[in-house]
There are 2 protein chains.
Amino acid sequence: MPKVTDAHRAARREQILTAAGNCFARKGFHATSMADVIGEAGLSAGAVYLYFRSKEEIIVGVAGEVFAGIEARLLEFVGRDEPPGPADIADFLVQQPSIARQRAPADFFPLLLSVWSEASRNPTVNAVAGRVIAELRVLLGQALHRWMDAGHPCAMDPDQLASVIISLVQGLVVQQAIDGQPPLEQYRATLRALFEAAQ
Amino acid sequence: MPKVTDAHRAARREQILTAAGNCFARKGFHATSMADVIGEAGLSAGAVYLYFRSKEEIIVGVAGEVFAGIEARLLEFVGRDEPPGPADIADFLVQQPSIARQRAPADFFPLLLSVWSEASRNPTVNAVAGRVIAELRVLLGQALHRWMDAGHPCAMDPDQLASVIISLVQGLVVQQAIDGQPPLEQYRATLRALFEAAQ
DNA sequence: GTCTATATCCGGATAGAC
DNA sequence: GTCTATCCGGATATAGAC
C-alpha cells in the first residue's frame, strides 16, 4: 500500500464523520438516514460503506470524536502548573469553545445530548461514554485534590465534587439544547459566585 | 356519549401511554416500533390508532406525562409554609421518588434523557419541555426569593440559582443513565455540603 | 369498539459496472 | 476505488370484517 492511500483513507473517514456529525446535530441519530449522510459527505453509498460497515459504526465514530475533543481540551487545562480550583474548572468547562471546539453550541449541544441518550441504551456507545466520564471524574478529582493540598481547605470530598462539576456542565447542555437558556455568561458568573462562597 | 365511555377512553389512553413509556424507557423513542407498544399494551393496532393518530402523538403524550409528574411533586414541595433553601430544594429533587414517581430510576433516567434529546429537535416536544423548564425556573426562583427574604442572605441571584439547581438534577440523570454513578446518597450529601458552605 | 390482515413506503445494505 | 441501481426487511398507518 502506498503512503498516499493511508492519508487518503484517513481523510475520507474524517470527511464522512464530519458530515455525519452535521446530520446528527440537525436531526439526531435515528432520524437521519444513510442517504442524508451520503449526500452531506458528497460521496456515494458504495464509498461510504467502504469505510464504515454500518450506520452503527458511524454513530460510534461520531460519539468517539465528540468525547475525544472534550477530553483533549480538559487534559490540556488541568495539566498546567497551578492546580485549578472548582470555580476555575467550572469556568473553563462552561466556555463554549472548550465544550464545542469548532462547532457552534446551537449545533453541538443537541448532538452531545443525543450521544448521552444513545449511550444510555447502545452498549458500544455506552462503553465509550462511560470510559470518558469515568476518566473525567478521575481527572477532575485529582486536580481538586492537588488544589486542596496546595492550601485550599474544603469541606467536600474532591471526587464527589468532580461529579458535581460535571453535572453542572451537563445540565447546562440540556437546558441550552432545549430553550437556549440560561445565558452562558450569567451561568458562569453564578457558578463562580457559588464556588467562591463555598471555599 | 354515556359516562362509561369517557372513563373507558381515559383508561385506555392511560393504558397505552404507560405501555409506551415502558417501551421507550427500554429502547428509546425511535427504536421502539408501534408493534412493541401495541404488544406491551395488550391491544391491537386498530385500537391503539383509535386513541392516538400517530406514533408522534404517543411520544408527545408520554413526554407530557413525564413532565407533569415532576412538576406536580415540585409544586407540592415548594407550596409548604417554610420556604426551602437551595440545600433543601436540591435534596428534595435528588430523592428518587420525586424525580421518578412510580418507575425505577434505572428505567426512568434513560426515559427522561430521551425526552430531553427529543425536545432539542422535535418542535412539539420542545414546546412542552420548554414550558415546563421555564415554569420550574420561575417556581424555584420564587421559592429562593422567599427564602432570602425570610432572613437568609445570599450573594447569588435567586433566578440564576434556580437554573443551577435544575442543572444539578439534570446532570445527575445523565450520569446515572450512563454508568449508574454517582450514588444518589453521596450526591445528595455533597450538594448539601456545597450549599450550606455557600450560604 | 376492537381485531386481523395488509397496502404502502422507506431505510439500510449490497452487487456489479466502470 | 467509486458510482448506480436495486433488493429486502421492517415500520407506519389503514381498511374492512366482526
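Here is how names work: the chains are called A, B, and so on, in the same order as the sequence lines, proteins then strands, and each is numbered from 1.
Taking 4.0 angstrom as the limit, A/R12 places none of its side-chain polar atoms (N or O) nearer than this to OP1 or OP2 of D/dG1. For A/H30, no side-chain nitrogen or oxygen approaches OP1 or OP2 of C/dG12 to under 4.0 Å. For the OP1/OP2 pair of C/dG1 and a distance below 4.0 Å, the side-chain nitrogens and oxygens of B/R9 include at least one atom meeting the criterion. Regarding contacts with the backbone of C/dG11, every side-chain N or O of A/S33 stays at 4.0 angstrom or more from both OP1 and OP2.
The CD-C1' distance, from A/Q15 to D/dG1, rounds to 13 Å in whole Å. B/E57 places its CD atom 15 Å from the P atom of D/dT12, with the value rounded to the nearest Å. Rounded to an integer number of Å, the gap from OH of B/Y49 to C1' of C/dG1 is 18 Å. The distance between atom CG of A/D36 and atom P of C/dC10, rounded to the nearest whole Å, is 13 Å. Residue B/M34 contributes atom CE, which lies 20 Å from atom P of C/dA7 at whole-angstrom precision. Rounded to an integer number of Å, the gap from A/I38 CD1 to D/dA5 P is 14 Å. Between A/F52 atom CZ and C/dT14 atom P the separation is 15 Å, expressed in whole Å. When the P atom of C/dT14 is taken as reference, atom NZ of A/K55 falls 15 Å away, rounded to whole Å.
One finds the CG atom of A/L111 at 9.0 Å from the CG atom of A/N22 (value rounded to the nearest 0.5 Å). With rounding to the nearest 0.5 Å, the separation of CD1 in B/I165 from CG in B/L144 is 5.0 Å.
A/R80 has no carboxylate O lying under 4.0 Å from a charged side-chain N of A/D88, or vice versa, which leaves the two without a salt bridge.
Considering only the side chain of B/H8, C/dG1 comes nearest among C/dG1, C/dC3, D/dC3.
Counting any heavy atom pair closer than 4.0 Å across all strands shown, A/Y51 reaches sugar-phosphate atoms only and no base atom.
A donor atom on one side chain and an acceptor atom on the other are not found under 3.5 Å apart for B/Q181 and A/S163.
Where A/A45 and B/V48 each meet DNA chain C at their nearest nucleotide, the meeting point lying more 5' is that of B/V48.
For B/P182 against B/Q176, the heavy-atom pair with the smallest separation is O-NE2, 2.7 Å.
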